[in-house]
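Have a look at the structure below, then the notes.
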Amino acid sequence: MPMEKTFNAAEAEPRIYAAWERAGAFAAGANASRDETFCIMIPPPNVTGSLHMGHAFNNTLQDILVRWHRMRGFDTLWQPGQDHAGIATQMVVERELARSQQPGRRELGREAFLGKVWEWKAQSGGRIVEQLKRLGASCDWSRNAFTMSGAPGAPEGEDGNFHDAVIKVFVDLHAKGLIYRGKRLVNWDPHFETAISDLEVENLEVAGHMWHFKYPLAGGETYLYREKDADGNVTFEERRDYISIATTRPETMLGDGAVAVHPSDERYAPIVGKLCEIPVGPKEHRRLIPIITDDYPDPAFGSGAVKITGAHDFNDYQVARRAGIPMYRLMDTKAQMRDDGLPYAEAAARAQEIATGSAFTEAEVDTLNLVPDELRGLDRMEARKRVVAQITGEGLAVTHQVVRTDKETGETTAETLPLVEAKPIMQPFGDRSKVVIEPMLTDQWFVDTAKIVQPAIDAVRDGRTTILPERDAKVYFHWLENIEPWCISRQLWWGHQIPVWYGLDLGAEGFRDDEGDGDLDEVELGRLLNEGGMLHRGDVHHCAAEFAAVVAAFRDSLADLPVPLSGARIVEVADKQAAIETLAASLAQYNISQDPTGLVYPVWRDPDVLDTWFSSGLWPIGTLGWPEPTPELARYFPTDVLVTGFDIIFFWVARMMMMQLAVTGEVPFHTVYVHALVRDEKGKKMSKSLGNVLDPLDLIDQYGADAVRFTLTAMAAMGRDLKLSEQRIAGYRNFGTKLWNATRFAEMNGVFDGGRAVTRPAPAHTVNRWIIGETARTRVAVDEALAQYRFNDAANALYAFVWGKVCDWYVEFAKPLFDGPEAEETRATMAWVLDQCLILCHPVMPFLTEELWAVTAPAAGRAKPLVHTDWPDYGPDLIDAAADREMTWVIGLIDEIRSARAQMGVPVGLKLPMVLVEADAAARDAWSANAPMIQRLARINSLTEAPAPKGSITIAAEGATYALPLEGVIDVAAEKTRLTKALEKLEKDMGGLRGRLNNPKFVDSAPDEVVEESREKLALGEEEAGRIRVALSRLADLG
RNA sequence: GGGCGCGUAGCUCAGCGGUAGAGCACUACGUUGACAUCGUAGUGGUCACAGGUUCGAUCCCUGUCGCGCCCA
């Protein structure tokens, strides 16, 4: 049965993929024939994710490397999996619950909600896996990993080691002092009410305002404010009783701890060290804050003076830390103005004491709510309006003159208005929640990255890990060398709960053992329950993989306490509130019964979970079974290549480097190939809001997975963004069809008949010898390209070979050969060449090639499916230089004749006789060996040796001149033009060559081979020019 | 403002010391033993600009001008 005219991708792809899976073709170690391993860890897509172009690109490249190595016999593992995507998943499930009118997260409670998440995961979490299969990804799906596997509450089928790995690393790093808890400024998402990472923050330019306010100097003081130009001449001078501050966030003024100016700023030198007043809040409780110096303020920007609000701005935070300025938190977890704590008057009074030198602790400062009573509980935007109105009303806004012209009367009036500049400001938004992110001072867990970063830097510096392209290594270094502590806690439920338990701090300041007798009396008990340390969470905590393991640690920390508390039984309760109640009840009971055995010391677990990146940072070892010493871990770790997008070099790559080195002492992979972004055809980033997203699955439906893969591969120039257009994909779909039809031609001509085993033949005919050499060249080019991760070079080499050599020439040459004595060897050669095309193209176009592999199978069948077929290792030894030279000549001659015919307007179908005017021996041999092919392709019906007839056009080849008699047909003028043009081009080239060769400096200093090459080119050019001149003079006779 | 890139044929891009290539598009012709998702031939480039290094620069260096991305 003859083959179809085209490959039916939609029908064949699922069938072929299923066959691969059935055969276990992608299993770790499948087709291994040597000891070396090759392992790639998939960058785990979000479990909520669906395949987008970036995934398609990323996974195509991985699949090429994996298939290539597997065919070469490496013990290959492509490890797939998904990460649990804390926020995204929680968001998706909450949305689902809302849509199906089920109780929400808080109503369900933690455990029940997590049950829902697992349910969702079971139903929808496999989507991206199915999509990757459509792309043809040859992952070992039997090993599919998940960063939440093995977590408490995970249903059957979700068992695994990942939870243990994550917890173990946390516990170990904590024990080494590399993880700590602290109050730091973090990105806070007020919608999800959790800390988020920088990666989850998008900075967008939005329309904003810059207000200018006057902070009056304390006690009515004044100073001479003076501006100077570059030469030191005074350009402006006035006596001021205030310092001018610009801000885009007036509501945060309530939490100001200082005003800072640059130490070099002479304008404010007179008032540095003095106090100024925050011009907002009840008049009688206005706070005074110091004017300090710091390098952060830019004297050229605004007034040069900056308000310092350490709890609400990252820059201010650094300044406040340097200067020991208190950081007053103004907002709650929903980013509304705080509504807790002491009344404003009391809080402000205490803050004032601090500003004037009273000692303070971080914890105390955090309890002080400096939001005026009437602003408490307001949305921050509403608070902003009121603050601005208040300051303006009081005349403390900086003003400027605005002149208005009445349109009707033409009268002008000058008005003094507050100075509010409308200007674009960069504002952070949560990439999931889309709400404005608030820098927030909260208690969080941090990895002390500064202590584990060095090995990660060293490993790339000394080449144990290579980052490609090279410039991305710079990004890596830059980020690691300026690394910030890594906030790893998230106020979410979906994730690995932090393995830390807290106890009430019974030894905290505020508790006194009055008698010093080590025994508790009632008064002391009472104090414990009130203002004492119990209200300070976090001072006592212990970390271990499970509750049982922290009990001993708590027992030790209770040992110092008075009897009988020191012997209290340690029990786990839900949270701090429960702990306080439990302890109180226990103490009250003790008070009555005096039975110390009933005393309990309640502890509760940290409710927070770990950042998803903390888990995915352990991806390389976690997926291989660590901390268990599995055979896979021993075999495949360290892994080989990580293929990933440039946007997560530091977030993920750097963290994997740091964590794997910290845990195992080894780099996780020896090469990181960083690819660029897939954009739309206009170069715009694909985004849902722009509507320019190309869905890879749509494209696969339309053009087939192979076309999509080939396109992405051909465009994968290292470090350069891809501008993807559908037209391009269609073009590569056509390429697949071309290969398909070349095979179809072969099939129709009996190439695959007769149960011929496909081995490399040793043909006699030049054409067959030549194409074998071309095949070898291509194999070398493809291997070299892939070894250097030059995917586009590999794709282009394949394209040029299959289309440009095999289809354009070899198949055409074969047609006449099938009628001659070389028919059999030509069939054998073509069978082999097409086989090689399939093998070499398979990593890029797996489906179509596998299909053709089956279609062309000899009667005895194939030894293995293409996916497991051995990759060839032949090389330049197969290149027959003589055949090469001869075929170059033949192709050149055919080109010449066709070109001349076309330009002379000779009808395509018309066969012409040709005259051999002169030829050397090589040219004669080349002709006679290939005459039927030349005649066929150039539409020549005979060759006779004779002087060039009148009215003929001249064909100049290397070593020979031919003529096509076209008397009556030929347009003398056109032929003259054609030849003159050719001659001019030649002359131009030769002019350059002569100029060079006549320059003694060139001959002296250029490499010998370059000089030699120039001479040869010149000689050849002169020969050809000679022939053309002869032809031209003949034409002149005629004309 | 800092960093990293990029300006090569109409478009998308390779090349990166020896006088420019591909694919697509375009034009003309064309159903020749597979392929119209095709074939044949062709048009099209002071390699952004200005200096410098060199026997020689699209390629290396410096500067200018445009554009993009990342970080502030």
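First the proteins, then the strands, lettered A, B, ... as listed; each starts at 1.
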May I ask you to say what A/Pro1000 touches in the nucleic acid, namely base, sugar-phosphate or nothing, with a heavy-atom cut-off under 4.0 Å?
-> nothing
So, is A/Lys815 near the phosphate of B/rA34, with a side-chain N or O under 4.0 Å from OP1 or OP2?
-> no
Of all the nucleotides listed (B/rG23, B/rU37, B/rG39), which has the minimum atom distance to the side chain of A/Arg728?
-> B/rG23
Tell me whether the OP1 or OP2 atom of B/rC38 has a side-chain N or O from A/Asn741 closer than 4.0 Å.
-> no
Tell which nucleotide pairs with B/rC47, taking only Watson-Crick or G-U wobble pairs whose two distances are both under 3.5 angstrom.
-> none
Does B/rU58 have a Watson-Crick or wobble mate here (both distances under 3.5 Å), and if so which one?
-> none
Checking only heavy atoms, does the side chain of A/Arg898 share a donor-acceptor pair with the base of B/rU40 at less than 3.5 Å?
-> no
Could you check if a side-chain atom of A/Lys738 sits within less than 4.5 angstrom of a side-chain atom of A/Val802, using non-hydrogen atoms only?
-> no
Between A/Arg939 and B/rG39, is there a side-chain N or O to OP1/OP2 distance below 4.0 Å?
-> no
Pair assignment for B/rU32, Watson-Crick or G-U wobble, requiring both distances under 3.5 Å | none
Please give, in whole Å, the distance from B/rA57 P to A/Asn999 CG?
-> 12 Å
Could you tell me whether A/Lys815 sits above the aromatic face of A/Phe745, with NZ or CZ closer than 6.0 angstrom to the six-membered ring centre and within 45 degrees of the axis?
-> yes
To the nearest angstrom, the CZ-C1' distance between A/Phe745 and B/rU32 comes to 12 Å
Any donor-acceptor N/O pair under 3.5 Å between B/rA34 base and A/Glu812 side chain | yes
Is there a donor and acceptor pair closer than 3.5 Å between the side chain of A/Asp819 and the base of B/rG33?
-> yes
From B/rU12, B/rA41, B/rC55, nucleotide with atom closest to A/Ala902 side chain = B/rA41
Touch class at under 4.0 angstrom, heavy-atom based, for A/Val908 against every strand present | sugar-phosphate
Hey, which of these two, A/Ala714 or A/Tyr799, hits RNA chain B nearer its 5' end, going by closest nucleotide?
-> A/Ala714
Is A/Arg996 near enough to B/rU19 that one of its side-chain N or O atoms lies under 4.0 angstrom from OP1 or OP2?
-> yes
CA sep, side-chain torsions, deciding dist, call: A/Glu747, A/Arg744, salt bridge (Lys or Arg N to Asp or Glu O under 4.0 Å) = CA-CA 5 Å; A/Glu747 196 255 358; A/Arg744 181 164 176 263; over 6 Å; no
For the pair made of CG in A/Asp298 and P in B/rA72, what is the distance, rounded to whole Å?
-> 17 Å
What is the distance, rounded to the nearest whole Å, between atom CG of A/Asp198 and atom C1' of B/rA72?
-> 12 Å
Among B/rG42, B/rU37, B/rC35, the one nearest any side-chain atom of A/Ser899 is B/rG42
5'-most contact on RNA chain B: A/His478 or A/Phe818, nearest heavy atom basis?
-> A/Phe818
A/Val672 and A/Leu468, any side-chain heavy atoms less than 4.5 Å apart = no
Any side-chain N or O of A/Gln903 under 4.0 Å from OP1/OP2 of B/rG42?
-> yes
Given salt bridge (Lys or Arg N to Asp or Glu O under 4.0 Å), test A/Glu1022 with A/Arg994 step by step and report yes or no.
-> CA-CA 11 Å; A/Glu1022 268 164 353; A/Arg994 277 194 208 98; 3.3 Å; yes
Determine whether any donor atom in the side chain of A/Lys474 lies under 3.5 Å from an acceptor atom in the base of B/rC4, or the reverse, and answer yes or no.
-> no
Are A/Arg827 and A/Phe818 in a cation-pi contact, defined as NZ or CZ under 6.0 Å from the six-membered ring centre and within 45° of the axis?
-> yes
Sugar-phosphate only, base, or nothing, as touched by A/Gly731 at under 4.0 Å among non-hydrogen atoms = nothing
Of the candidates B/rC35, B/rA72, B/rG15, the side chain of A/Arg790 sits closest to B/rG15
Against the side chain of A/Met715, the closest entry in B/rU12, B/rU37, B/rA34 is B/rU12
Value in whole Å for how far the P atom of B/rG42 lies from CD of A/Glu896 = 9 Å
Around A/Asn482, counting heavy atoms of other residues, nucleotides and ligands shown, do more than 12 lie under 6.0 Å from its CG?
-> yes
Can you tell me if the side-chain N/O atoms of A/Lys5 get under 4.0 Å from OP1 or OP2 in B/rA36?
-> yes
Could you please name the option among B/rA34, B/rA25, B/rU40 that lies closest to any side-chain atom of A/Cys807?
-> B/rA34
Closest of B/rG33, B/rG18, B/rA34 to the A/Pro816 side chain is B/rG33
Selection from B/rA72, B/rU37, B/rU40 that lies nearest to any side-chain heavy atom of A/Arg733 | B/rU37
Compare side-chain N and O positions of A/Thr743 against OP1 and OP2 of B/rA34 and report whether any pair is under 4.0 Å apart.
-> no
Starting at atom CD of A/Glu484, determine the distance to atom P of B/rC71, rounded to an integer number of angstrom.
-> 14 Å
Measure from CZ on A/Arg901 to P on B/rG39 and round the result to the nearest Å.
-> 19 Å
Distance check: side-chain N/O of A/Lys911 vs OP1/OP2 of B/rU32, anything under 4.0 Å?
-> no
Protein-nucleotide distance (A/Trp803, atom CH2; B/rA36, atom C1'), rounded to Å = 11 Å
Is the number of heavy atoms from other residues, nucleotides or ligands within 6.0 Å of CD (A/Glu812) greater than 12?
-> yes
